[in-house]
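Here, residue 1 is the first one in the sequence, and each next residue gets the next number. The model shown is predicted, which means the values in this text are computed figures rather than measured ones.
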Amino acid sequence: LTIAKDASSKREYILLLLYDLEEIAEEGFEDNLLTAEETATVIDDIVSIKINVMKFSPKSQIKSELAALKASWPEVLS
């Protein structure tokens with residue numbers, strides 16, 4: 001029970017962080033730091049990761065998607 005609860009808490013935390021990143025991308029668009037295309041690409045990547053987290057995809061897959069998101073994250077939002 002404790003292990004399942006711990007894993008659930010981690011999953012929820014990751015989802016909250018991803019929602020925050022999505023908001024940062026949206027604000028970047030509103031502030032004219034990103035184009036609509038750049039914003040859409042970043043948000044699509046974030047949504048894909050959130051779906052995989054909720055589907056209990058393997059940790060290695062989620063880690064690699066997060067690494068790809070980090071590598072492609074627009075410099076202007078850092």
Colleague: Is there a path from I43 to I51 through hydrophobic residues (I, L, V, M, F, W, Y) whose side chains come within less than 4.5 Å of each other?
Modeller: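 Both belong to a single hydrophobic cluster.
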
Colleague: Under 3.5 Å, side chain of S48 to main-chain N/O of D44, donor-acceptor pair present?
Modeller: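 No; judged by distance alone, with no hydrogens or angles, the pair does not exist.
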
Colleague: Quick one: CZ on F56 to OG on S8, what's the gap to the nearest 0.5 Å?
Modeller: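 Separation between the atoms: 7.5 Å.
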
Colleague: Look at the side-chain heavy atoms of Ile, Leu, Val, Met, Phe, Trp and Tyr, link any pair under 4.5 Å apart, and say whether L69 and V47 land in one connected group.
Modeller: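 In one cluster with L69: V47, no.
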
Colleague: Given side chains that start at C-beta, do those of T39 and T35 come closer than 4.5 Å, heavy atoms only?
Modeller: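 In short, these two side chains do not touch, never coming nearer than 4.5 Å.
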
Colleague: For L34 and F29, work out which heavy atoms get closest and say how close.
Modeller: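 Where L34 meets F29 most closely, the heavy atoms are O-CD1, 3.5 Å.
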
Colleague: Name each donor-acceptor pair under 3.5 Å that joins a side chain in residues 18-28 to protein atoms two or more places apart or in another chain, with its distance.
Modeller:
residue: E22; atom: OE1; partner: K50; partner atom: NZ; Å: 2.5

Colleague: Can you find a heavy atom in the side chain of V42 that is under 4.5 Å from one in the side chain of S72?
Modeller: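 Contact flag for V42/S72 side chains = no.
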
Colleague: Would a distance-only check, ignoring hydrogens and angles, find a side-chain to backbone donor-acceptor pair under 3.5 Å from S57 to V53?
Modeller: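 Answer holds: no.
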
Colleague: Would you mind reporting whether Q61 and N52 have side-chain heavy atoms less than 4.5 Å apart?
Modeller: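 N52 reaches Q61 side chain to side chain.
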
Colleague: Would you name the heavy atoms of L77 and L33 that are closest together and state the gap between them?
Modeller: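 So the two residues come closest at CD2-CD1, 4.3 Å.
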
Colleague: What closest approach, in Å, do M54 and L15 show between heavy atoms, and which atom pair accounts for it?
Modeller: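 Between these two residues, the closest heavy atoms are CG-CD1, 3.9 Å.
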
